[in-house]
**Q** 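One structure coming up, written as structure tokens, with questions to follow.
No experiment lies behind these values; they were computed from the predicted model shown. We name chains A, B, ... by the order of the sequence lines, and we start the count at 1 in each one.
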Amino acid sequence: AQTVTQSQPEMSVQEAETVTLSCTYDTSESDYYLFWYKQPPSRQMILVIRQEAYKQQNATENRFSVNFQKAAKSFSLKISDSQLGDAAMYFCAYRPGGNYGGSQGNLIFGKGTKLSVKP
Amino acid sequence: DAMVIQNPRYQVTQFGKPVTLSCSQTLNHNVMYWYQQKSSQAPKLLFHYYDKDFNNEADTPDNFQSRRPNTSFCFLDIRSPGLGDAAMYLCATSRGLATYNEQFFGPGTRLTVL
């Protein structure tokens, strides 16, 4: 079974600094997607960034970038120039590739990392 | 703005008293999901609808049921809530089941069971 592990329950960063959130996963699949979701307090979860496993190039979205190490099954999120609005719970998630009608294509989340941003 | 709406945002019910949580979407997406997120835990998928086709996760308790009367609305029914069912319930939608389809989440309903 696939699993997603986030080993940092909480992290803190100074405003304008850079922080890296860790995520490892376990799968025997070769085709899959990885995601980072942000869940601000009392607000909906939004997709921050996604990475397709067959793409070697690390995904980037503005201040957010990932370090995808497929062999090591590692998928870390780097937030540059941290802002107060980045404070949230961050979830790493895995989903096998393909078009699934059943449980095989479920989004599997890690337990999350709570990020605090200090002014 | 197109979005996923959940009502109510906070729901209090009594032990054993049936409760219904509501989700609506203006995205016209084919798939609607219900997740349960307990405190300090990862969201866990309960079931999903692809159009009218219902897919229940194997470990979802029988106490939990769902209805999707039309494309826009999906309901989560908890027939006899127990204390262990207190959680945040998240609704999400996606255009299709393929992995590249982004899931859009609602703000959640926090259920308290007294």
**Q** Please state whether the side chain, the backbone, both or neither of A:Glu52 comes within less than 4.5 Å of a heavy atom of chain B.
**A** neither

**Q** What part of A:Tyr37 gets closer than 4.5 Å to chain B, counting heavy atoms only: side chain, backbone, both or neither?
**A** side chain

**Q** Are B:Cys23 and B:Cys74 within a span of less than 2.5 Å, counting SG to SG?
**A** no

**Q** Hydrogens and angles aside, do A:Tyr94 and A:Thr27 bring a side-chain donor and acceptor to less than 3.5 Å of each other?
**A**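 Short answer, yes.
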
**Q** Between B:Gln37, B:Gln36, B:Gln6, B:Arg110, which is the residue that forms a side-chain hydrogen bond (donor to acceptor under 3.5 Å, both in side chains) with B:Tyr89?
**A** B:Gln36

**Q** Please classify the contact between B:Tyr33 and chain A as side chain, backbone, both or neither, with a heavy-atom cut-off of under 4.5 Å.
**A**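 Contact with chain A is through the side chain of B:Tyr33 alone.
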
**Q** Pick from A:Met89, A:Gln6, A:Lys111: which one has the most heavy-atom pairs with chain B under 4.5 Å?
**A**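 Between A:Met89, A:Gln6, A:Lys111, the count favours A:Lys111.
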
**Q** So for B:Tyr35, is it side chain, backbone, both, or neither that comes closer than 4.5 Å to the heavy atoms of chain A?
**A** side chain

**Q** Given a strict heavy-atom distance threshold of 4.5 Å, which part of B:Glu102 is in contact with chain A: side chain, backbone, both, or neither?
**A** both

**Q** May I ask you to decide if A:Thr60's main-chain N or O and A:Ser65's side chain share a donor-acceptor pair within less than 3.5 Å?
**A**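 Not a single qualifying donor-acceptor pair exists.
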
**Q** Measure B:Tyr10 against the heavy atoms of chain A and call it side chain, backbone, both or neither at under 4.5 Å.
**A** side chain

**Q** Using the side-chain contact (heavy atoms from CB on, under 4.5 Å) definition, which of the options A:Val13, A:Val117, A:Val19 pairs with A:Asp86?
**A**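 Result: among A:Val13, A:Val117, A:Val19, A:Val117 is the only option passing the side-chain contact (heavy atoms from CB on, under 4.5 Å) with A:Asp86.
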
**Q** Is the NZ or CZ atom of A:Arg95 both under 6.0 Å from the centre of the six-membered ring of A:Tyr33 and within 45° of that ring's axis?
**A** no

